[in-house]
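Remember, it's 1-based here, ligands and their atoms both numbered in the order they're listed. Predicted model only: the values in this text are computed from it and were never measured. One is the number of the first residue; the rest follow in order along the sequence.
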Amino acid sequence: MDTQSPPLHVYFLPLLAPGHMIPMVDLARQFARQGVKATFLTTPLNAPQISKSIDRERELGSQITIRLLEFPSKESGLPEGIENLSATTSLEQTVSFFNAHDYFQGPIENLASEDRPDCIITGPMYTWSNDFAAKFGITRLSFWGTGFFPMCAHNSIRRHKPHEKIESDTEEFVIPDLPDTLKITKKQIPEPLKGDPENSVNELQEKLMKGEEGSYGMIVNSFYELEPAYVKHFREVIGKKSWHVGPVSLCNKEDGEKSQRGQAASIGEEECLNWLNSKTPNSVVYVCFGSMSIFSAAQLREIAAGLEASGQPFIWVVKQNTEWLPEGFEKRMQDRGLIIRGWAPQVLILDHVAVGGFVTHCGWNSLLEGVTAGVPMVTWPLSSEQFFNEKMATQILKIGVPVGAQAWTRRTDSSAPINRENIEIAVKELMVGEEAEERRSRAIALGNMAKKAVEPGGSSDTDFSSLLEELRKNRNKN
Ligand code: UDP
C-alpha cells in the first residue's frame with residue numbers, strides 16, 4: 001500500500017440481483033483488504049443479504065461500509081417491496097426493474113459530491129455511469145459477474161449475427177471467430193441477442209452495450225489459467241481493458257464466512273456439515289439452480305424421480321414449496337437425500353470432501369465455484385448466458401456432462417423439458433466409471449490452479465495489483 005497518500009476510495013454498485021451482488025461483495029472485501037476505502041451502495045431490502053459479510057470484514061479492520069439508497073419504486077412504477085431482480089414476477093416487471101437503475105444517478109451524485117471517490121465499479125444497467133465518472137473526473141470500471149468466454153461468445157454473435165443466416169431455431173451454427181469451434185442454436189442464445197423486434201429487452205440491450213463502450217475497463221471474476229485463449233481474445237480482438245481477479249469466492253476462508261454468503265441459509269451450518277460428514281468422499285451430488293430459477297411442479301417431480309433412480313446421495317436446493325414431491329419420497333430418501341428449502345450455503349457445501357458432483361444451471365458464479373472446489377458437473381442451462389457457460393464446462397474444460405437442455409426455460413413454463421431418465425443417466429455418468437474419474441481429475445487440477453491464482457504472485461493476484469496501481473495513477477492524473 002502507498003502510505004504517502006490517502007487510501008483510494010471506491011464505490012461498488014452491482015446490479016440488484018444475487019448473482020451480481022454476492023461476487024461484488026467479495027470483490028469489495030478484496031479491495032478493502034488492500035487498504036482501499038470501500039463503499040458498497042445498495043437499498044434497504046438488499047442490505048440484510050450482504051451486511052453480515054461486510055460487517056465481519058470491517059470488524060477485522062478493513063474500511064468497508066454500506067451506504068443505503070432508497071429504491072425508486074414510484075419512479076419505476078414497481079410495487080413497494082420489489083428491490084431485487086429475484087423478486088420480479090413478470091417480463092414487464094423485469095423491464096421496469098432494469099430501468100429503475102437509471103434513477104440512482106441523482107442520489108449517487110449527491111453522495112459523491114461529498115465523498116469524492118476515486119473510482120466507481122458498476123454492474124450492467126447503470127448506463128449513466130460514464131457521464132457520472134466524467135463529471136467527477138474519476139475512473140469507471142464494469143463488473144458483469146460473468147467470464148471471458150461468455151463475453152467473447154456474446155460479442156461474436158452480436159457482431160456477426162450468425163443466427164440470421166440459418167433456417168430454423170433448432171439448427172446448430174458455429175459461434176464465429178472464436179479460438180474453439182463451438183456450436184449453438186438460436187433457441188439457446190441470450191434472448192436480447194436474437195434481435196426479435198417484438199421483444200422489449202432489445203432496447204435495453206442496446207442501451208446497455210452503448211453504456212459499456214465508454215467504460216474504462218472490465219473487472220472479471222475469473223483466472224487466467226481457466227480460459228487463457230479467451231482472456232487474450234477479449235483483450236486483443238475485442239480490445240477491452242480487463243483484469244482477472246478471481247475466483248473472488250476464495251476470499252471466504254472459514255466455514256462461518258462461507259455460510260454467510262448471500263441470504264441467511266435455510267439450514268444451520270452444523271446440521272449441514274454433520275450431514276456431509278456422514279457421507280463418504282466424492283459420493284454426494286449437490287443440486288442447485290442458482291438464485292433465480294423457478295421450475296414447474298412437473299419438472300420438480302422429474303428431478304426427484306431422477307435423483308432417486310440415480311442411487312447417489314444428494315443435497316437438493318429447492319426454492320419453492322414442496323407439495324409436489326412424489327408420495328413417500330422424503331421417507332424413502334431420509335438416509336440418502338437432504339432437501340434444503342430456500343437458501344443453501346453453496347460454497348460451504350461445494351468445498352466439502354463428501355461432494356463429488358454438482359448439477360448446475362451454469363450461472364457463472366456457480367460454474368466458477370464448482371471449478372474452484374474441483375467438482376465436475378452436470379450442466380443444465382436455463383437462460384441468460386448459461387448455454388455459453390455449458391459449452392465451456394463440457395467442451396472446453398471437459399468437466400461437464402450435459403443433461404440435454406435444448407432451449408431457454410421460462411419461469412412460467414408448466415412443462416418438464418428434462419425427464420427423469422435424462423437426469424438419472426447424466427448423474428450416473430457424472431459420478432460413476434472411468435470417464436467420471438478422468439473428469440474429476442481435470443476438475444481437481446483446475447481447482448488447484450484457481451487457488452494458486454489468488455495466492456501472492458498468482459495470475460489473479462498479479463492482475464489485481466496492476467489494477468490498483470493503475471487506479472492510483474489515474475487518481476494522480478485527474
Ligand atoms: N447461491 C447460494 N445459495 C443458493 C443459491 C445460490 O449461495 O441457494 C449463490 C451461489 O453460490 C452463487 C450465486 O448465489 O454465488 C448465484 O449466482 P449464479 O451466477 O450461479 O446464478 P444466478 O443466481 O445469477 O442465476
Side-chain angles (χ1 to χ4, degrees), residues 14-27 29 46 49-50 52-53 84-88 94 97-98 123-125 143-147 149-151 190-191 220-222 246-252 255-269 272 286-295 314-320 338-352 355 358-373 375 377-390 392-393 400 405 408-411 450:
L15 177 82
L16 298 172
H20 289 254
M21 292 177 60
I22 293 172
M24 187 124 34
V25 167
D26 287 341
L27 183 71
R29 292 165 60 204
N46 283 301
Q49 299 183 22
I50 56 168
K52 280 210 177 106
S53 299
N84 193 288
L85 184 61
S86 60
T88 59
T94 303
F97 181 81
F98 285 143
M125 298 304 161
F143 180 75
W144 280 29
T146 190
F149 167 71
M151 289 194 289
E191 196 88 302
V220 188
N221 182 17
S222 185
V248 295
S249 63
L250 278 171
C251 75
N252 301 283
D255 288 350
E257 290 176 288
K258 291 177 189 173
S259 54
Q260 280 179 354
R261 215 164 157 255
Q263 290 176 33
S266 312
I267 184 168
E269 186 182 314
C272 189
Y286 169 64
V287 185
C288 181
F289 300 93
S291 61
M292 305 278 301
S293 59
I294 294 190
F295 284 120
F314 62 85
I315 293 183
W316 179 16
V317 187
V318 182
K319 301 279 177 232
Q320 292 131 285
L338 174 67
I339 297 183
I340 299 180
R341 292 172 171 83
W343 192 259
Q346 177 156 307
V347 169
L348 181 81
I349 294 172
L350 283 172
D351 283 354
H352 195 281
V355 175
F358 183 11
V359 178
T360 173
H361 73 310
C362 303
W364 182 258
N365 295 293
S366 293
L367 183 118
L368 193 62
E369 289 158 16
V371 161
T372 306
V375 172
M377 44 198 89
V378 164
T379 55
W380 183 337
L382 302 171
S383 64
S384 324
E385 90 294 18
Q386 294 154 14
F387 283 87
F388 293 148
N389 299 343
E390 173 181 53
M392 173 144 174
W408 273 43
T409 305
R410 292 179 196 289
R411 293 169 114 205

Q: How many angstroms lie between CG in L15 and CE in M24, if you round to the nearest 0.5 Å?
A: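 Rounded to the nearest 0.5 Å, the CG-CE separation comes to 9.0 Å.
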
Q: How long is the gap from CG on N252 to OG on S53, to the nearest 0.5 Å?
A: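 Taking CG in N252 and OG in S53, the distance rounds to 6.5 Å.
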
Q: Does ligand 1 have a heavy atom under 4.0 Å from the side chain of M21, from its backbone, from both, or from neither?
A: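 For M21, no heavy atom sits under 4.0 Å from ligand 1.
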
Q: Would you check, one step at a time, whether the test side chain to side chain contact (heavy atoms under 4.5 Å, CB included) holds for F289 with V359?
A: CA-CA 8 Å; F289 300 93; V359 178; 4.0 Å; yes

Q: Say you draw a straight line from OG of S222 to CE of M392; how long is it, rounded to the nearest 0.5 Å?
A: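 If we round to the nearest 0.5 Å, S222:OG and M392:CE are 6.0 Å apart.
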
Q: So if I count the atoms of ligand 1 from 1 in the order they appear, which ones are less than 4.0 Å from some heavy atom of G363?
A: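 Checking each atom against G363, I get 18 (P), 19 (O), 20 (O), 21 (O).
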
Q: I need the contact type for N365 against ligand 1. Using non-hydrogen atoms and a strict under-4.0 Å cut-off, is it side chain, backbone, both or neither?
A: both

Q: Write out the residue and atom name of the closest protein heavy atom to atom 20 (O) of ligand 1, then the distance separating them to 0.1 Å.
A: S366 OG, 2.5 Å

Q: Numbering the atoms of ligand 1 from 1, which are under 4.0 Å from a heavy atom of W364?
A: 19 (O)

Q: Show the atoms of ligand 1 that are less than 4.0 angstrom away from any heavy atom in V317.
A: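 The list of qualifying atoms is 8 (O).
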
Q: Side chains of P381 and F388, heavy atoms from C-beta outward: is any pair under 4.5 Å?
A: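 With C-beta onward as the side chain, the pair stays apart.
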
Q: Please verify the inter-ring angle class for F295 with W380; under 30° counts as parallel, over 60° as perpendicular, anything in between as tilted.
A: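 Correct class here is tilted.
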
Q: Between the candidates Q386, E369, Q346, Q263, which shows the shortest non-hydrogen contact distance to atom 15 (O) of ligand 1?
A: E369

Q: Purely on distance, is any nitrogen or oxygen of I22 under 3.5 Å from one on ligand 1?
A: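 Among all N and O atoms of I22, none is under 3.5 Å from an N or O of ligand 1.
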
Q: So which protein heavy atom does atom 16 (C) of ligand 1 come closest to, and at what separation?
A: G19 CA, 4.2 Å

Q: Let me see the working for L16 and L85 under side chain to side chain contact (heavy atoms under 4.5 Å, CB included), right down to the final yes or no.
A: CA-CA 6 Å; L16 298 172; L85 184 61; over 6 Å; no

Q: Out of curiosity, is H361 lining ligand 1, as in a heavy atom under 4.0 Å away?
A: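 The answer is yes, since H361 has a heavy atom less than 4.0 Å from ligand 1.
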
Q: Could you tell me the residue and atom name of the protein heavy atom closest to atom 8 (O) of ligand 1, and the distance to it rounded to 0.1 Å?
A: K319 NZ, 2.7 Å

Q: Can you give me the closest heavy-atom contact between L382 and S293, atom names plus distance?
A: CD1-CB, 3.6 Å

Q: Taking only heavy atoms of A344, which atoms of ligand 1 are found under 4.0 Å from at least one of them?
A: 2 (C), 3 (N), 4 (C), 7 (O), 8 (O)

Q: Among protein heavy atoms, which sits nearest to atom 6 (C) of ligand 1, and what does the distance come to when rounded to 0.1 Å?
A: W343 CH2, 3.4 Å

Q: Given I340, which partner from the list V287, I267, V318 fulfils the side-chain contact (heavy atoms from CB on, under 4.5 Å) test?
A: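 Single side-chain contact (heavy atoms from CB on, under 4.5 Å) partner of I340 among V287, I267, V318: I267.
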
Q: Would you please say whether a donor-acceptor pair under 3.5 Å links the side chains of S259 and E269?
A: yes

Q: What residue and heavy atom of the protein are closest to atom 23 (O) of ligand 1, and at what distance?
A: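 Closest protein heavy atom to atom 23 (O) of ligand 1: S291 OG, 2.4 Å.
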
Q: Under a 4.0 angstrom heavy-atom cut-off, which atoms of ligand 1 come close to R261?
A: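 Under 4.0 Å from R261, ligand 1 has these atoms: 11 (O), 15 (O).
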
